[in-house]
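Worksheet: the structure to be examined is printed underneath.
In this chain, numbering begins with 1 at the start of the sequence shown. Note that the structure is predicted; figures quoted are calculated from it, not measured.
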Amino acid sequence: MKKLYLIKLGEISLKGQNRALFENRLRHNIKDKLRPYHSNVVKQKGRIFFYIDEDCPDEVIDKALSTTFGIIAYAEAVVCEKNMEVIRSKAEYLLKKADLSGKETFKVHARREDKGFALSSYDIACDLADLIHNIYPDMRVDLTNPDFVLNVEIRSEAYLYTSQKKGIGGLPAGTAGKGILLLSGGIDSPVAGFEMAKRGVNLDCLYFHAYPYTSDEALEKVKTLAKLISPYLGGTRLFVVPFTQQQLWIRDHAYEDETTLMFRACMMQVAERLCKQRGYNAIITGEALSQVASQTLPAMAFTDSMTEYLVLRPLVGMDKEEIITISKKIGTYETSILPFEDCCVIFSPKHPVTNPDKKLMTKHFEKLEMDKMLDQAVEETQIFAYNAKGEEIENN
């Protein structure tokens, strides 16, 4: 026996000749999260019908589907032949299975994709509404805001389901290239990763660790954040770059008010090295315009000039409350606010420059002669890996 889930597609349904690419990636992403349980997929217009072993726990399935981009809604369903007598029997089964105590109103939503079926969508809805009213005579129809909804779709077969859960939409992770996310221990960067994965980007993460100025607890915090966002990313790797020597060099040799931007310049150049080594297409940061001194337009223009790769800032126009709302939704907020600071905060100057001259700053950066030190940092990088379930695994 198999459980059946009806999965509704959003933006994917609008794709043209390459729609199969998105559907296949979505299918792969779902199955990857539900291993070792055996599953198979049947694709139909605007829907995926997902069959999985009956012994797979409901909470495991719910976690997988609720964290997979490309799904706008999903529901456990039953399937039967396209015969109204059989459909009524299945509907009665679902009504008995559902908890309707305290429910006062209902609606039947019918969708007839198979136009050869004898009854229209309206006729099907009326027929099943009579069934519900006969079993629960005190319940009344409410087409606007019902307490209970019975859905039926007539396709190659008849599919019935009651409650459906909302998905997170977007496009399947892995359909829009590869990027590397600058992951700090703060609120913003995990949200930035979530937003870019929502547009289909496959992401790995990059963290700069300045031990002992940043503690082992700070590193564990970032590893936890990588683990928490990994299900949304479809699995990820966390690159931990040792950055103590580089930051101390900058602290001792750069102009004090420019140190934060020099740190950021080094981070961009390390990210660029990893892009070249591993085939990433873009660098993603959690910066929001004017949130801190290093996130002004001139400051961003300077740090962007440190790499030839595309730099994406999905949070650039958001305010802090918007970002916090998303971080709570994806489950990273409580970890992000733990009191372990990242390396940028530890070495932050009292009066950082906010309106840097790009040409002058570039000259100052070149004088620091950081290339060999950055090469060394990349060579000494540790890598941690997490699968699509958010479990730490051996890095291959």
Side-chain angles (χ1 to χ4, degrees), residues 177-185 189 192-193 202-216 218-219 222-223 226 236-256 258-287 294 299-313 342-349 356 358-386 394-396:
K178 297 167 59 179
I180 189 157
L181 170 69
L182 302 189
L183 183 65
S184 70
S189 55
N202 182 261
L203 291 174
D204 285 330
C205 306
L206 173 59
Y207 169 65
F208 294 86
H209 189 51
Y211 184 83
Y213 299 94
T214 47
S215 63
D216 287 335
L219 174 57
V222 172
K223 289 173 67 176
T236 192
R237 287 175 295 181
L238 173 64
F239 296 88
V240 178
V241 178
F243 208 49
T244 308
Q245 179 184 356
Q246 292 77 7
Q247 288 205 281
L248 291 175
W249 179 266
I250 292 171
R251 184 195 65 180
D252 295 339
H253 295 84
Y255 292 99
E256 182 181 1
E258 296 177 356
T259 52
T260 297
L261 286 181
M262 295 303 169
F263 297 155
R264 298 292 297 177
C266 288
M267 291 175 180
M268 285 295 181
Q269 294 211 340
V270 169
E272 179 177 83
R273 284 164 166 78
L274 288 174
C275 287
K276 289 178 179 178
Q277 285 182 6
R278 298 178 178 270
Y280 300 116
N281 308 116
I283 300 167
I284 293 90
T285 83
E287 294 167 298
S294 63
M300 291 179 183
F302 165 67
T303 55
D304 281 7
S305 71
M306 292 291 106
T307 176
E308 63 186 42
Y309 283 83
L310 177 66
V311 180
L312 297 172
R313 297 180 175 88
D342 64 38
C343 57
C344 284
V345 175
I346 296 291
F347 289 94
S348 180
K358 186 165 69 173
K359 289 184 179 180
L360 181 61
M361 290 285 291
T362 302
K363 289 181 180 179
H364 291 174
F365 181 75
E366 290 171 351
K367 288 181 179 179
L368 292 174
E369 298 181 339
M370 299 293 298
D371 282 348
K372 289 183 179 179
M373 296 179 71
L374 297 182
D375 289 340
Q376 179 183 352
V378 172
E379 289 174 6
E380 296 175 355
T381 294
Q382 288 182 284
I383 306 175
F384 301 90
Y386 305 88
E394 184 177 347
N395 177 57
N396 295 322

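Rounding to the nearest 0.5 Å places CG of L374 at 6.0 Å from CD of Q269. Rounded to the nearest 0.5 Å, atoms SG (C275) and CD (Q277) are 10.0 Å apart. Rounded to the nearest 0.5 angstrom, L206 CG and R273 CZ are separated by 12.0 Å. Going from atom CG of L182 over to atom OG1 of T285 covers 6.5 Å, rounded to the nearest 0.5 Å.
Residues that satisfy the side chain to side chain contact (heavy atoms under 4.5 Å, CB included) test with A192, not counting sequence neighbours, are L181, I284, P314, L315. By the salt bridge (charged side-chain N to carboxylate O under 4.0 Å, His left out) test, K358 is found to be paired with no residue, residues two or more places apart in sequence or in another chain being considered. Taking the salt bridge (charged side-chain N to carboxylate O under 4.0 Å, His left out) definition, one finds that D252 meets it with nothing, sequence neighbours left out. With sequence neighbours left out, Y211 forms a ring-ring contact (aromatic ring centres under 6.0 Å, His included) with no residue at all.
The aromatic rings of H253 and W249 sit parallel to each other, their planes meeting at less than 30°, with 60° as the upper class boundary.
In this structure, V270 and F239 have side chains that are not in contact, with every pair of non-hydrogen atoms separated by 4.5 Å or more. Contact annotation: the side chain of F208 never approaches that of T214 to less than 4.5 Å [non-hydrogen atoms, C-beta and beyond]. Contact annotation: the side chain of M262 never approaches that of Y255 to less than 4.5 Å [non-hydrogen atoms, C-beta and beyond]. With contacts defined as side-chain heavy-atom distances shorter than 4.5 Å, the pair L183/K223 does not qualify. Two residues are said to be in side-chain contact when any heavy atoms from C-beta on lie closer than 4.5 Å; M267 and F243 meet this criterion.
For D204 (side chain) and R237 (main-chain N/O), a donor-acceptor pair under 3.5 Å exists by modelled atom type. Proximity of a side-chain donor or acceptor of Q247 to a complementary backbone N or O of F263 within less than 3.5 Å is not detected. The backbone N or O of R278 sits less than 3.5 Å from a side-chain atom of K178, completing a donor-acceptor pair. Side-chain N or O atoms of S189 include none that pairs as donor or acceptor with a backbone N or O of G185 at under 3.5 Å. Remark: the backbone N or O of T260 is not paired with any side-chain donor or acceptor of R264 at under 3.5 angstrom.
Considering all non-hydrogen atoms of both residues, T381 and A377 come closest at OG1-O, 2.9 Å. Contact detail for Y280 and L274: the closest heavy-atom pair is CD1-O, 3.6 Å. A pairwise comparison of heavy atoms in A271 and I283 identifies CB-CD1, 3.7 Å as the closest pair. For the residue pair P356 and L261, the shortest heavy atom distance occurs at CG-CD1, 3.7 Å. I180 approaches C205 most closely through the heavy-atom pair CG1-C, 4.3 Å. Here the shortest heavy-atom pairing between T307 and V311 reads CG2-CG2, 3.8 Å.
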Please report, to 0.1 Å, the donor-acceptor pairs under 3.5 Å made by any side chain of residues 363-372, with sequence neighbours excluded.
from, atom 1, to, atom 2, distance (Å)
H364, ND1, E258, OE1, 2.9
H364, ND1, E258, OE2, 3.1

For residues 299-306, which side-chain donor-acceptor pairs fall under 3.5 Å, sequence neighbours excluded?
from, atom 1, to, atom 2, distance (Å)
T303, OG1, A299, O, 3.3
T303, OG1, M300, O, 3.1
D304, OD1, R313, NH1, 3.2
D304, OD1, R313, NH2, 2.7
D304, OD2, R313, NH1, 3.2
S305, OG, F302, O, 2.5

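No more than 12 heavy atoms of other residues, nucleotides or ligands lie within 6.0 Å of CD in E256, so this atom counts as exposed by the packing criterion.
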Passes side-chain contact (heavy atoms from CB on, under 4.5 Å), Q382 versus H209? Steps please. CA-CA 10 Å; Q382 288 182 284; H209 189 51; over 6 Å; no

So M268 and Y309, side-chain contact (heavy atoms from CB on, under 4.5 Å) or not? Walk me through it. CA-CA 9 Å; M268 285 295 181; Y309 283 83; over 6 Å; no

